[in-house]
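Just below is one structure, and these are the notes that go with it.
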There are 2 protein chains.
Amino acid sequence: MMTSHYRPPCQACTSCDTRRMAVCSALQDDEVAELERAMSFVRLESNTSLVEEGEPRRRVYTLTSGLLRLSLALPDGRRQITGFLMPGDYLGLADDEIYAQTAEAVVPSGLCSFSVRDMDRLMERYPRLRDRLHLMTRAALRQARETQMILGRLAPSEKVASFLLHMSNRAAAYGRPESPVPLPMTRTDIADYLGLTIETVSRTFTKLKTQGLIRLPDPHSVEIVDKSRLAVVAGLTVH
Amino acid sequence: MMTSHYRPPCQACTSCDTRRMAVCSALQDDEVAELERAMSFVRLESNTSLVEEGEPRRRVYTLTSGLLRLSLALPDGRRQITGFLMPGDYLGLADDEIYAQTAEAVVPSGLCSFSVRDMDRLMERYPRLRDRLHLMTRAALRQARETQMILGRLAPSEKVASFLLHMSNRAAAYGRPESPVPLPMTRTDIADYLGLTIETVSRTFTKLKTQGLIRLPDPHSVEIVDKSRLAVVAGLTVH
DNA sequence: CGGTGAGTTGAATGTATTCAATGGTAGTGG
DNA sequence: CCACTACCATTGAATACATTCAACTCACCG
């Protein structure tokens, strides 16, 4: 696990630009100072894992920059990516005593880190923090079920189209442009997220490009040309 | 919505046999009495819906008997069942202001019902109740992610095998025999849960039967003949 | 300049789906 | 009591389509 621990590179939580997205938005400036005292900062290189499925859960995290993938593995090596974590997202929502999934950095990432003990104490002291965490857990559960639908009932083109729209919406939620959408993860990651093979993902991108719905300046950025037609392909609107 | 409301047919919460499975296990006998005062009982006929995706969430429930299916629907009618609720399970874990999915009875079912207002008040008063609910939400999230793996990365035989083992384990958790496993839901329900067609589900059952792994006394009960080989088929053990 | 990893594309293969027919069971009404 | 209907489950045959196997390109790095 190639991580290095040091004090945050950001000035302070009060001036942190991911705060409005994260669990700490539940706290006021003076309260967040206490959170800050319990916090340490972690930097993570690409393709290194922060937590491993089955490990005891001793720390929880808030992602401040970069991108993480959460995944489950089968004994024979098959992998399912259950989701991607973006800045402001919390790592450790689903876990109890042990981590239920592996978290790895897709690109160099930074995280605020807290011991479970400290976080429990803080939640005890600031109920709004606890409530916010519960709220985020419920949202994650709704998201997971939405993904079940995508995995179980959508055709490959629909999967890829809805994935692109989803990523576009998330980018917009973080104040970034809706298009072009950056896709820092590999085709293999996308395949393991959508329940497809890498070849099918690649072919589907090409097909959407040929149909004039998207453009692919490079493999890791997608320009959405026709959002409404893409939504039709995604199966989200009645044709 | 064919429901009828009346006082519970059971003597009292203190003698309720699903209590140990449900959220109310967090409360002591004297505390559960207050829960009971806020409670009303609902009986639900087969194939009637209790809550509908998109409706405002005004009440929450604990299933005491029967079986419910939770589902999401696509505009064109395709359906994904995200899970089945068994006695002791809580309805409303993921939802916020509105219900995120539809809940329907698979067989005649009974539920304890609470207004969201009452439940919020009770959670405020009994933190262990709130903590238990949060615990159940996290468990549901882990379950949903496990299901993502099943939907995205397992072959049809593996899906059906792991579904049977899952149902068997749940039956055992409720103190019922591991085998034969009752499957009150239709093949269509199973297909919509596993991301398959009804024909593929049927053929897979037949195949597992032919291989001597299960027996099918009737379409709604499955006898598990060889649990370990079934686990191999499910992809859960290295061959 | 060779080497590696990621992505794309082509051809074949396998397999789940689709379309269709049949059997079984339960409920309804004559 | 017995047709008659409706629904569910199963099975067969043809089809469609994602996967598999393989080749090739490209960019990046040593």
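Order of the sequence lines fixes the chain letters, A, B, ..., with proteins taken first and strands second; residue numbering starts at 1 for each chain.
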- Is there a donor and acceptor pair, one atom on the side chain of Arg203(B) and one on the base of dG12(D), closer than 3.5 Å?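 In this structure, the two groups form a donor-acceptor pair.
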- Task: May I ask you to check whether Arg59(B) and Ser113(B) show a side-chain donor-acceptor distance below 3.5 Å?
- Result: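 Short answer, yes.
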- Query: Does one side chain, of Glu45(B) or Thr48(B), offer a donor that lies under 3.5 Å from an acceptor on the other?
  - Reply: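 Per modelled atom types, Glu45(B) and Thr48(B) side chains form no pair under 3.5 Å.
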Between [X] ([atom1]) and [N] ([atom2]), how many Å, whole number?
X         : N       : atom1 : atom2 : value
Ile214(A) : dT8(C)  : CD1   : C1'   : 14 Å
Asp189(B) : dC8(D)  : CG    : C1'   : 12 Å
Leu194(B) : dT17(C) : CG    : C1'   : 16 Å
Asp192(B) : dA16(C) : CG    : P     : 18 Å
Ile198(B) : dC7(D)  : CD1   : P     : 13 Å
Glu199(A) : dA11(C) : CD    : P     : 15 Å
Arg187(A) : dT8(C)  : CZ    : C1'   : 9 Å
Lys209(B) : dA9(D)  : NZ    : C1'   : 11 Å

- Message: If you compare every side-chain N and O of His220(B) against the phosphate oxygens of dC8(D) (OP1, OP2), does one of them come in below 4.0 Å?
- Response: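 No, outside the criterion.
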- Message: Is Thr197(A) close enough to dT19(D) that one of its side-chain N or O atoms is under 4.0 Å from OP1 or OP2 there?
- Response: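 Answer yes for this pair, as a side-chain N or O of Thr197(A) is under 4.0 Å from OP1 or OP2.
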- Electrostatic pair Arg142(A)-Asp96(B), nearest N-O below 4.0 angstrom: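 Salt bridge: yes.
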- At under 4.0 Å between heavy atoms, what does Thr200(B) touch on the DNA or RNA strands: base, sugar-phosphate, or nothing?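 If one applies the 4.0 Å heavy-atom cut-off, Thr200(B) turns out to touch a base.
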- Task: Side chain of Ser202(A) only, please: which of dT9(C), dT17(C), dA9(D) is the nearest?
- Result: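 Of dT9(C), dT17(C), dA9(D), dT9(C) is nearest to the side chain of Ser202(A).
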- Options dT20(D), dA16(C), dT10(D), nucleotide nearest the side-chain atoms of Thr206(B):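 Selected nucleotide (nearest to the side chain): dT10(D).
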- Only one of Asp89(B), Leu50(B), Leu68(B), Leu85(B) forms a side-chain contact (heavy atoms from CB on, under 4.5 Å) with Tyr61(B), so which one is it?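 Passing option: Leu50(B).
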- Query: Would Phe163(A) and Tyr193(A) count as a close aromatic pair, with their ring centres under 6.0 Å?
  - Reply: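 When the ring centroids of Phe163(A) and Tyr193(A) are compared, they turn out to be within the sub-6.0 Å range.
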